[in-house]
Every structure is written in structure tokens, then in C-alpha cells.
Undergrad: 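Got a structure here, written out as C-alpha cells. Questions coming.
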Amino acid sequence: MLRKTLLEELPALIAAGARRFHTSNQALLEIQEIPGIKVIERISGVAPPKTRPPTPYLSWLPNEAKPSKITTPLTQPLPGVTPNAPYRASSEPPPTEITTLSNGARIISEASPGPTSSLGLYVNSGSIYETPAESGSSALLECMAFKSSRHRGSLQIMKEVERLGSNIAASASREQMSYTVDCLKTGVPAALEVLCDAVLCPAFTPAEVEEQRGRLGALISGKDVALTLLNELLVRGAYEGALGHPLIPTPEGLAALSADKLHAFVASHYTGHRVVLAAAGVDHKQLVELATPMLEQLPAGEGPVIAEPSSRYSGACVAMPGSFPQANLLLAFEYRGGWRDVQGAVAMTVLTYLLGGGNSFSSGGPGKGMHSRLYTRVLNQYHWVHSCAAFNSTFNGTGLVGIQSSCEPHHAVDMLNVMCRELEAAARSLGDEEVARAKRAAVSVIYNALESKATSAEDIGRQFLTYGHRISGRQYVDMIEAVTPRDVSEFVARLLTTKPSLAMYGDGTDKVKYDTLLARYAPAVVAEEQGGKSRLQQALRFGASWRS
């Protein structure tokens, strides 16, 4: 009886084993070759599963005996198949469309392709428009951006921004304020409404003002912002008038700010003629329909032409107190004309990439800027130099152009001499190859930047505030391509006819003498006593002979 039961169950066991080894033809063959399997088949009447012989390895590859089924190359369409017309992007940039509202506010956009959009409100407002009682308002307004409005709390604004997956940012400068939102195109209506509400209808609750005032004060007092403060002190000292107003507030000015002062500053400066709504990746008609009801609530304010407070470059030497293990130096000369001198701005752009520079350790990877002048002639030549790079602080009608560096403290005087010598060498003559390389670098950066919708929107907003129109990327590139070595050398020579400005911070800078720097570029320097204070005056003359 037991034997009969075993014989009845054995076929089922064999079938289960065959299924388990189904993935291997060889395993099935081995099962079929087990001794006695024919006896089991004869007794039970159940045959094991049939298998096919094993496939030779790589037999599916085509060969001469077995050609491939498809002989059409991938670069050609299949026979009898009509391919769809490929998408071809226009080689022309999208037009910049402009709509001016009744109160003077401008809505400017370009419908660049892609799934994302960038929106920004740009305002002709900054520290140059602040009175002594309002000093620091622009910097605090940057910290107060996207806080509570009259219709939303700050938490609700943050939740709506997160729901849209947006990026928000704000920036204060001496001449302009910017507030931006980046989002998907489907989120443009909601993002625009949040942007306009947060910027044009701020609540400035006392609790939030106090919180951000403390945050800004803590940020300014940190050691990580020492070089930013050094640049700030350089601009303050180099200019008399509006550009000399603090952008980064003093502790006394920050403590005097209140919610009422912020409300008064916004009410007087955030007016129709001062505001531009710029966008990239947005249909202009849709943008105008959405933005007009919100922007028309602004008062018109001043006329179309905004009068900028006057400034005068006087040059200065400033030293920031404190100890630092490296000597940090900023040497600058006045660039007359600023952004509004477009040809000068083009030459300045090429000069910046020609001088180049960086740190003794290039964090950008091998070869980053290694062919620029300050790398080959300074960083590669002097082991005591930690960093050396061209810099500029440019404004609408003027600017500072020069070199910033850091070095071992006992080489501070040598470092300043090297910086002067490099500018003087650039004013003498420049090679065609290095100027061509600098132009290619500048063009590459411009085209790469304009791939970003955020950069395009910012370019639109700031240019319309500065020029009243837009210079396209292609036009600017054409101007760069037309620059010659002589143009750059003459630009540097004009810089060196102005009074130098110097900012210093760190150990060893006490050995640097500003009078020596003045004598190098302006022999006719006289000291005058006015109001009990000594003031240096310079005749803006530049000697024919260069000092090395």
C-alpha cells in the first residue's frame, strides 16, 4: 500500500522539480536522464515536460550565414515609414515685450521656451536715496522680504511658496532693490500674486522687524563677512555724497530703524515710475492681465525720469581694525561713466577676464583661470601670495576697478607694489592672444548665464532701470568681439589717471603707506587744512614715464 502511494505521488514531485529548474535547459536534461525515469513514465503514464535543446552562446548575433533582420542604419528612416518633422528651435531670441501702465509701472517680459518661469520686481531704490534718519533701511528691507503682508502671515507665505516649489530671493544694493520668484509655468499666477503681495503690501510687524534687526546685526558682527565689510568701507571712503551712504548699516543706524520708518521709506520710494516687473518664460499678454490689477494700486510718484542723488569720487585710504593672519588689500581706481558708459563697461568686462586671478589653491578644478595674467604673473611667481584677483564695484554713473589680494603679513608692501605693477603693465601693451582668450571667456560666461531664466529676468529688470531699454546678449557679445588690445590698454591708462583708493585689513598692513601710493600716481599732491582736518588733494595727472 505504501509503495502504491509513493508511485502515485512521484510524478507530481518530478513535475515540481522540472518547474523549479525551468530556467536551465541543461538541468531539465539531467532530470530526464535520471536512471529509472522511463520506468516511472511507464508505470504512472505521465511524461516529463518536453524541452528544447540548449541555444548556442551569442547565437542571436547576426553573421554571414544569418544576416540581421533590419539592415537600415539608425541614421536613416525605416523604409516605408514617414518620420515626423524634428523640432527646430528658433535661432532668434524671443522679443522683449513692454507694457507701461497708467501710473508708470512697467511690465517687461520675454517668452523664452521651457517649463519654468522667473518673475522679479525691480525698484529704483537703495542706500543712495536714504536720509541719515533712514540709514540702513535698504539692508533691513532685504531681510524683511517675504515676511508678513497685510493679507498673509509669513508662515502662510512660506507654505504657499513650498507648495508651488518656488525659489524666492531678495537683494539690496546702493541703487536698486530686487525681489524674485522662480517657479514652474503652471504656478505663475499664484507666484505672481504672492510676489506682489509680499513686496507692495508689507505689514512690517514690530516683532518681525525686531527679529530681523537682531539677525542682521549678528550677521554684520561675524568674522566671515570681514572682506565684504572691507569692500563696503572702500566704497564709503572713495565717494562723497550719495554713494558714500552706508549700504551695510552701522550699529547705531540699525538700532534707530523701526517699522514706521520702513513703512515711510517704502511709501515714498516704491512708486509706479520706479517699479519694473520683469519676467522670462511667461506669455506677455497673460502676465499683463494678471499683474495690472496689482501694480495699478501703486501711486505714480515722481515723473518718468528719476533724479539720482549726486556723488563725487574723491579717493581714500581706509583700514579696518582688527587682527587677521593675512594681509588683505583692495586697490581701486575710478571708472568714470559706470554702466551707462556702455563701451567702457565692455572694455572693463574684457579687462576683468584678462586679469582674472583667484586663490593659490583653485577650488574650481584644474585649469580654472590658469592662463589669466594674475595667475601666470603673480600667483605662480610669488609663494607668499594667497589670492590675487581683479574686481569691480560698478554703479550707474561711476565705479571702482582694481585688484584685491591677500598675502603673508611681512609681504604687504611688496604685494601692493605687485598690484600696481600689474595694472601699469596692462596699460602699456597687451598681446592679441591673451585679449582673444579673455574675450572668449567673457562671451562664454554671458551665453551660459543667459541660459538661466532667472538671469534673463534680472537682466531685463536692471537694464530697464539703468538704461530705459535693453541691450541684448547678442549685442553685448558683438561689442566684446570688437574690442582690441589697444582699447583695453587705453581703458586701464584712463583708470590710472584717477586718484587711487586703498582698503586694508589684517596683520602687516600698518606698514603700507598711502602717501607712497599717491606719489606713485599723482606727484602733485598737496595737503590743505580745512576745518582743522588735513585733506589730500590730487591733480589728476598721470606721468608719461611708468614706474615699475
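Everything numeric in this text was worked out from a predicted model, so none of it was measured.
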Undergrad: For residues G244 and R236, report the shortest heavy-atom separation together with the two atoms involved.
TA: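 G244 and R236 have their closest heavy atoms at O-CG, 3.7 Å.
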Undergrad: First locate atom SG of C317, then atom CG of L517, and finally report the distance between them rounded to the nearest 0.5 Å.
TA: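 Separation between the atoms: 8.0 Å.
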Undergrad: So L298 and T271, do their side chains get closer than 4.5 Å, heavy atoms only?
TA: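 T271 does not reach L298 side chain to side chain.
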Undergrad: So do the side chains of R274 and H269 get within less than 4.5 Å of each other, counting heavy atoms only?
TA: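 Side-chain contact under 4.5 Å: yes.
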Undergrad: Counting distance only, does the side-chain N/O of T466 pair as donor-acceptor with the main-chain N or O of N396 below 3.5 Å?
TA: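 Not at all, since once roles are kept as given, no pair shorter than 3.5 Å links the two residues.
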Undergrad: Measuring from Y514:OH to L502:CG, what's the distance to the nearest 0.5 Å?
TA: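 Nearest 0.5 Å value for the OH-CG distance: 7.5 Å.
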Undergrad: Aromatic ring centroids of F333 and Y521 under 6.0 Å?
TA: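 Here the rings of Y521 and F333 have centres that are less than 6.0 Å from each other.
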Undergrad: For the pair R474 and E92, find out whether any cationic side-chain nitrogen is under 4.0 Å from an anionic carboxylate oxygen.
TA: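 Salt bridge flag = yes for E92 with R474.
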Undergrad: Side-chain contact test, heavy atoms from C-beta onward, threshold under 4.5 Å: evaluate it for L192 versus L287 and give yes or no.
TA: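 They are in side-chain contact.
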Undergrad: Quick one: does K511's side chain have a donor or acceptor within less than 3.5 Å of a partner on H411's backbone?
TA: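 Not a single qualifying donor-acceptor pair exists.
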Undergrad: I would like to know whether N124 and V275 meet side chain to side chain contact (heavy atoms under 4.5 Å, CB included); could you show each step before the answer?
TA: CA-CA 7 Å; N124 240 332; V275 171; over 6 Å; no
Undergrad: Between the main-chain N or O of T484 and the side-chain N or O of D487, is there a donor-acceptor pair closer than 3.5 Å?
TA: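 It does hold such a pair.
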Undergrad: Would you say the side chains of E110 and H284 form a donor-acceptor pair under 3.5 Å?
TA: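 H284 and E110 do not have a side-chain donor-acceptor pair below 3.5 Å.
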Undergrad: Checking side chain to side chain contact (heavy atoms under 4.5 Å, CB included) for the pair I403/L423: CA distance, chi angles, key distance, verdict?
TA: CA-CA 8 Å; I403 298 175; L423 289 173; 3.9 Å; yes
Undergrad: Would you call the rings of F395 and Y239 parallel, tilted or perpendicular if under 30° counts as parallel and over 60° as perpendicular?
TA: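 The arrangement is perpendicular - the two ring planes meet at more than 60°.
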Undergrad: I'd like to know if the side chain of T394 reaches the main chain of G399, judged simply by a donor and an acceptor atom lying under 3.5 Å from each other, with no hydrogens or angles considered.
TA: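 Between the backbone of G399 and the side chain of T394 there is no qualifying donor-acceptor contact (under 3.5 Å).
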Undergrad: In a check of side-chain contact (heavy atoms from CB on, under 4.5 Å) between M504 and each of V318, L416, V512, L331, which one passes?
TA: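 Among V318, L416, V512, L331, the one that satisfies the side-chain contact (heavy atoms from CB on, under 4.5 Å) with M504 is V512.
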Undergrad: Shortest non-hydrogen contact from A170 to A145?
TA: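 Residues A170 and A145, closest heavy atoms: CB-CB, 3.4 Å.
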Undergrad: Can you tell me if S387 and S406 form a side-chain donor-acceptor pair at under 3.5 Å?
TA: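 Yes - a donor-acceptor pair under 3.5 Å links their side chains.
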Undergrad: Show, in sequence, the C-alpha distance, side-chain angles and deciding distance for R462 and Q176, and conclude whether the side chain to side chain contact (heavy atoms under 4.5 Å, CB included) test is met.
TA: CA-CA 8 Å; R462 295 194 184 278; Q176 297 172 0; 2.9 Å; yes
Undergrad: Show the numbers, then the answer: is there a side chain to side chain contact (heavy atoms under 4.5 Å, CB included) between E458 and Y122?
TA: CA-CA 8 Å; E458 181 180 7; Y122 297 85; 3.4 Å; yes
Undergrad: Measure from the side-chain N and O atoms of R174 to the backbone N and O of I128, and report whether any donor-acceptor pair falls under 3.5 Å.
TA: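 Judged by distance alone, no pair lies under 3.5 Å.
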Undergrad: Can you find a pair of side-chain heavy atoms, one from E232 and one from P246, that are under 4.5 Å apart?
TA: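 Yes; the side chains approach each other to less than 4.5 Å.
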Undergrad: Strictly distance-based, threshold 3.5 Å: is any side-chain N or O of S137 a donor or acceptor partner for the main-chain N or O of E134?
TA: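 Here the side-chain-to-backbone pair exists.
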Undergrad: Is any side-chain heavy atom of Q343 closer than 4.5 Å to a side-chain heavy atom of M479?
TA: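 Yes, close enough: below the 4.5 Å cut-off.
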Undergrad: If we ignore angles and hydrogens, is there a donor and acceptor under 3.5 Å between the side chains of R106 and T100?
TA: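 Distance-only check fails for R106 and T100.
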Undergrad: From Y179 OH over to I168 CD1, what is the distance, rounded to the nearest 0.5 angstrom?
TA: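 Spacing of OH (Y179) from CD1 (I168) equals 12.0 Å.
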Undergrad: Please report the shortest heavy-atom distance between A327 and P409, naming the atom on each side.
TA: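 For A327 and P409, the tightest heavy-atom pair comes out as CB-CA, 4.2 Å.
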Undergrad: Could you pull out the closest heavy-atom pair between D182 and S118, with the gap in Å?
TA: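 Heavy-atom minimum between the residues: OD1-OG, 2.7 Å.
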Undergrad: Using every non-hydrogen atom in the two residues, find where P500 and Y313 come nearest and quote the distance to one decimal.
TA: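 So the minimum-distance heavy-atom pair works out to C-OH, 3.8 Å.
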Undergrad: What are the two closest non-hydrogen atoms of S456 and R470, and how far apart are they?
TA: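 Reported closest heavy-atom pair: O-NH2, 4.1 Å.
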Undergrad: Determine, step by step, whether R520 and E424 satisfy the salt bridge (charged side-chain N to carboxylate O under 4.0 Å, His left out) criterion, reporting the C-alpha distance in whole Å, the side-chain angles of both residues, the deciding distance to 0.1 Å, and the verdict.
TA: CA-CA 11 Å; R520 181 168 187 153; E424 293 164 5; 2.8 Å; yes
Undergrad: Which value, rounded to the nearest 0.5 Å, describes the distance between T99 atom OG1 and I108 atom CD1?
TA: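 Rounded to the nearest 0.5 Å, the OG1-CD1 separation comes out at 9.0 Å.
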Undergrad: So L295 and L121, do their side chains get closer than 4.5 Å, heavy atoms only?
TA: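 Result yes, sub-4.5 Å side-chain heavy-atom pair found.
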Undergrad: Check whether any side-chain N or O of E240 sits under 3.5 Å from a backbone N or O of S314 as a donor-acceptor pair, and report yes or no.
TA: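 Here the side-chain-to-backbone pair does not exist.
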Undergrad: Quick one: do R377 and E434 make a salt bridge, cutoff under 4.0 Å?
TA: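 Answer for the salt bridge query: no.
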Undergrad: Between S138 and E130, is any side-chain donor less than 3.5 angstrom from a side-chain acceptor?
TA: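 There is such a pair (donor and acceptor under 3.5 Å, judged by atom type) between the side chains of S138 and E130.
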Undergrad: What's the spacing between M144 CE and L262 CG if we round to 0.5 Å?
TA: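 So the gap between those two atoms works out to 7.0 Å.
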Undergrad: Side-chain contact, heavy-atom cut-off 4.5 Å: R336 with R494?
TA: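 R336 vs R494: side chains apart.
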Undergrad: Please walk me through it: do Y270 and F265 pass ring pair (Phe, Tyr, Trp, His ring centres under 6.0 Å)?
TA: CA-CA 8 Å; Y270 285 43; F265 187 81; 7.1 Å; no
Undergrad: Taking S405 as the fixed residue, which of M415, E422, Q326 is the one that meets the side-chain contact (heavy atoms from CB on, under 4.5 Å) rule?
TA: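 Exactly one candidate clears the test, M415.
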Undergrad: Are the side chain of S372 and the backbone N or O of G357 linked by a donor-acceptor pair below 3.5 Å?
TA: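 Yes: the side chain of S372 pairs with the backbone of G357.
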Undergrad: Within this structure, what is the CZ-OG1 distance for the pair R312 and T398, rounded to the nearest 0.5 Å?
TA: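 Here the interatomic distance stands at 11.5 Å.
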Undergrad: If only atom types and distance count, is the side chain of Y335 paired as donor or acceptor with the main-chain N or O of G338 below 3.5 Å?
TA: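 It does hold such a pair.
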Undergrad: Should the heavy atoms of other residues, nucleotides or ligands under 6.0 Å from CZ of R486 be counted, would the total exceed 12?
TA: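 Counting other residues, nucleotides and ligands, CZ of R486 stays at 12 neighbours or fewer.
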Undergrad: Quick one: does L234's side chain get under 4.5 Å of F391's, heavy atoms only?
TA: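 Touching, per the 4.5 Å side-chain cut-off.
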Undergrad: Tell me whether K453 contacts the main-chain N or O of P113 through its side chain, where contact means a donor paired with an acceptor under 3.5 Å.
TA: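 Such a contact is found between K453 side chain and P113 backbone.
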